[in-house]
Every structure is written in C-alpha cells, then in structure tokens.
**Q** 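Below is a structure I'd like to ask you about.
All chains are named by letter (A, B, ...) in the order of the sequence lines, taking the proteins before the strands, and each is independently numbered beginning at 1.
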Number of protein chains: 2
Amino acid sequence: MAPNVKSDGRTTRWENHRATRRAEFVQAAVRAIDTLGPDASVADIAAEAGVSKPVLYRYFADKSELHAAVGAWGTDLVLERVIAAVLVPASARDRVTAGVEAYLTTIAEHPQAFLLLTRQHAGGDPLAAGKDLIATKLSRMLGDALRLLGGDTGAAEPWAHAVVGLGSSVGQWWLERRTMSRAAAAGYLGEFIWHALSGAAAEHGVDLSALDPEVGNVRPLRTERTERAGSKDAEQ
Amino acid sequence: MAPNVKSDGRTTRWENHRATRRAEFVQAAVRAIDTLGPDASVADIAAEAGVSKPVLYRYFADKSELHAAVGAWGTDLVLERVIAAVLVPASARDRVTAGVEAYLTTIAEHPQAFLLLTRQHAGGDPLAAGKDLIATKLSRMLGDALRLLGGDTGAAEPWAHAVVGLGSSVGQWWLERRTMSRAAAAGYLGEFIWHALSGAAAEHGVDLSALDPEVGNVRPLRTERTERAGSKDAEQ
DNA sequence: ACTAGATGTGACCATCGGTAACGTCTAACT
DNA sequence: AGTTAGACGTTACCGATGGTCACATCTAGT
C-alpha cells in the first residue's frame, strides 16, 4: 500500500507527473519555435505538443509564462555550456574566448528560440525573460569575484547587464547575417569582453592574466548546475 | 481635353504637407507610448493624434513601420545628444563617460519610448528597429576609426553591435531598477566601454588617450540629422 | 461504488492589427 | 465657370490570436 497517508493520496498522485508533462510542453514549444519562428502562436505550440490550447493553459498561466519557461530552459542550456567551456585550463583570456565560442555554438543550435531570449518582456508583465535570468546569475558571479579581488562591488550589476546585453545583441547580429565565421566573431567578441574586464581589473591593481594555469581561489564560478529537474538535452 | 502631360500642381501640392503631418503622428506616437507604455495600440496612438486609425495607415504601412519611425526619431535624438557630449574637449576617457551620461539622460526623458528601441523587430518583418539603426551608424564610425588607426576593420561590426546591445541592456536595467545614480551608472558603464576599446587599441599599438585635447582628423562623426530631410535612405 | 483530480475537446469571447466603402474638402487644371 | 486629383476623415467590418467555458472522460485512491 502507499506509504504516504497524507490527507489524500489522490491529490499527491499527480505531482510528479505534472512536472514531467510541463517539461514536455516546454520542449514542444522549443520545437515549434525552432520551425515557426519566435512568433509561434499558442495554438501552434499546442498542436506541436499534440494537445489543444486549454491543456497548455492548465500548465502555464499565459503565453508569457510559457515563454519564460522556454527562457529558463535556454538559460540553463547556455550557462551549462559556457561554464563548461570556461572551466577548461588555459590562460584567462583564452578561456573568455572559449566561453564566447561555446555561447555562439549553443545559440546557433536553436537560433529561433534564442531570439525569444533576446526579446524584452512585454509591458506590464512582471515575469522576467531569459536575459534577466542570466544577468542575475552573472551579476552574482561578478559580485563575488569583485569582492574577492577587493574591487568595487557596485560594478557587478551594470557590468553583468552589459555583458548579457552585449552577448544578446552580437549573438542576434551574428545569427541573422552570418558575415563572419563563428571563430572570428568569437575572437572579436572575446577580445572586447576581455579588455573590458581585465582593463577594469588592472585599474584596481589586479592582474587577471596572472591567474592563468593554476585556478586557485580566485574562481567564484562554481559549476552550479541549476538544480532544476530534468535533462534538457534529450531532444530530437 | 485632358493632357497626358503631368501638369500636376495638384499632385505636388501635398508633398510638403505630408512630411510635417507624418512627423506630427510620430510625436503623437511618442506621447502615447510615454503614457501608455510601449504596447500602446494603434487605436491609442490615433486617438492621441486626434484622428482615426485609417488616417494613420495612410502614412504608415503597418504598425512596425510606425514603430520604426519612432525608432528613427529616438535614434536621432540619442545620437545628437551623445555626439554633442563626446565632442567636448577633454580626455578621451572622460569623453566616453560624458557620452554615456548623455545617453542615460536622454533615455530617462522617454523611458517608455526607449523600451521600444530595445525591442527586437518582430519575426519576418524586414524593417529594422532603432537598435539596428544606431548599430549601423556606429558600425560605420568604428570602421572609419579602425581604418584610420590601421586596425582590423572586421571588428567594427561586432563591436558596434556589442556597444549598442550593452547600452540598451544596461539602459533598460537602469531605467527599471534605479538602484544607482545616473552618474554612478555612467561611471561604471563608461569604464567598461573605455577599457574594451582602449585595450583593443593598445593591443594594436595605438594609444587612444594620446589624442586627448586636439580632436583632429579622427572624427568621422557627422551630425547628420536624418528625419528632417525626409528620405532617410540617403546613403547605405 | 464513489470521489478527487487530472485528462481531453469544441465552441466561444475580447482585443487588436488592418481594410473597405463611402463621403467631404480644396487647390489646381481646363 | 466646372472638373479633377489628391488629400482629409469616419464607421463598420474582417481575421488572427490570446485566453476561457462548459462539458465529458479516465484512473487511482478512499
């Protein structure tokens, strides 16, 4: 018999199911967006998932919440890849470029879905889009780094938003007009970010490139896989 | 009889009027957006202008074209202010910060309208939003500067988009959560941009701060106000 | 057997971008 | 003079889309 004799086993029966179902719908949304573009309608997404609209609306309050879920999925994917790339043992600057390259590689896999992330959240909607999610996490990382280095932690937030906006804008540009190879774009972009960060660090008497091979204590970037349930990569 | 020659004084009579009327509608759109937010409907804008929808649609093919017009207006305004601020005689770095401060000041005057500029253009719509306009102009400026300095002109486009995206993202963040003063935000942002550009320049053997007081030939920035002239496709 | 809670659908509503049809005014042409 | 071109303006309507309702069904726990 069931071990959990809460008030009703009939209520708790679904709790597990609902999470997996919701994840399925997010994947369906990603597929629909990949094929139909970021303006895919809710009906399109429902059709892709093989259900009708009201079913979707039982899992997501409105369209923006669905978009936010897609954004969270994309955020996790991008962060995962970028962090993995940055952790490789190399010079600090090369690691920045590697991170940028991983970023471009990832968004190139889902170009349409990525465009959703760059969209600002619609007016009046309190739910934050993917960009804000990444900016918040990055802001925390930068803040920790600045604190360790004895820098001005006030810079963390604006710089985090700067890097995110920069990445989103250049990413979109690169996806739409592929006027240069991924490696070239990553090189230019990495150069830009590296100089911005290392220059600022140098101004405060810290030499970032000093910590090249030995990744000691000055690394606040923990792997920090978001403990969101589910393997997002199982797809297609 | 009716001559087949176009003796159209009747045709040319309106050409001047239409331009001013269109500008009026753009201003009405800005007012409506300022009060109702960036999602103001076409009907709202028409009401603000004191006309009905079909009148608007005689001047703008669709909503995105109206938005593009608002974007062009904002672009001109921002560029005008920033360029004026950058032209002040001071150290190169101070001028960067002054430009950033002018930028923040300008967008703070029309926060809602500014959000329109940050929105990406809708899917399938070939019309570029304000961000792309600025990015294109900035790209040309950077390209000229890089050519003069003997740098790699390939960096112009990605860097231009980087700066624009960075500005748009940080601008939006600063407008929404005013967690720091304008001067502070401008300081951090200016620091970031300055190090990115000067660091890259230094890598190519150019010292940007060398050209501090005398602003000589390294100035491809023309004032270039586009909207007044009417035809904004004067150059590509 | 009964119930809770999820599953599912087709029909429906409200909003909004965009258009059609219709009519008026006025300066320029004949 | 009368005619004409081209703008002015409105009401009413269409179509797509986000979002909801009412109603029916299935299944596991009580």
**Q** Find every protein N or O atom lying less than 3.5 Å from an N or O atom of nucleotides 8-14 of chain C, and list the pairs.
**A**
residue: C:dG8; atom: OP1; partner: A:Arg21; partner atom: NH2; Å: 3.3
residue: C:dG8; atom: OP2; partner: A:Arg21; partner atom: NH1; Å: 2.8
residue: C:dG8; atom: OP2; partner: A:Arg21; partner atom: NH2; Å: 3.1
residue: C:dG8; atom: N7; partner: A:Arg58; partner atom: NH2; Å: 2.2
residue: C:dT9; atom: OP2; partner: A:Ser52; partner atom: N; Å: 3.1
residue: C:dT9; atom: OP2; partner: A:Ser52; partner atom: OG; Å: 2.8

**Q** Among D:dC8, C:dC16, C:dG18, find the nucleotide with the atom closest to the side chain of B:Ser41.
**A**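 Of the candidates, C:dC16 comes closest.
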**Q** The side chain of A:His17 lies closest to which of these nucleotides: C:dT7, C:dG18, D:dG19?
**A** C:dT7
**Q** Mind calculating the distance between CZ (A:Phe60) and P (D:dT20) to the nearest angstrom?
**A** 15 Å
**Q** Within this structure, what is the CG-to-P distance between B:Asn16 and D:dG6, rounded to whole angstrom?
**A**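 One finds 17 Å between P of D:dG6 and CG of B:Asn16, rounded.
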**Q** What residues, two or more places apart in sequence or in another chain, satisfy ring pair (Phe, Tyr, Trp, His ring centres under 6.0 Å) together with A:Tyr57?
**A** none
**Q** Please enumerate all residues that pass salt bridge (charged side-chain N to carboxylate O under 4.0 Å, His left out) together with A:Arg21, with sequence neighbours excluded.
**A** A:Glu24
**Q** What salt bridge (charged side-chain N to carboxylate O under 4.0 Å, His left out) pairs are there with at least one residue in residues 101-118 of chain B, not counting sequence neighbours?
**A** B:Arg81-B:Glu109, B:Glu101-B:Arg182
**Q** Between the protein and nucleotides 25-27 of chain D, list every N/O to N/O distance that falls short of 3.5 Å.
**A**
residue: D:dT27; atom: O2; partner: A:Arg13; partner atom: NH2; Å: 3.0

**Q** For A:Tyr57 and D:dT20, give me the distance from atom OH to atom P, rounded to whole Å.
**A** 7 Å
**Q** By the salt bridge (charged side-chain N to carboxylate O under 4.0 Å, His left out) test, which pairs, at least two apart or in different chains, include something from residues 40-49 of chain B?
**A**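 Passing the test, one end in residues 40-49 of chain B: B:Arg31-B:Glu48.
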**Q** How many whole angstroms separate atom CG of B:Leu56 from atom C1' of C:dG18?
**A** 12 Å
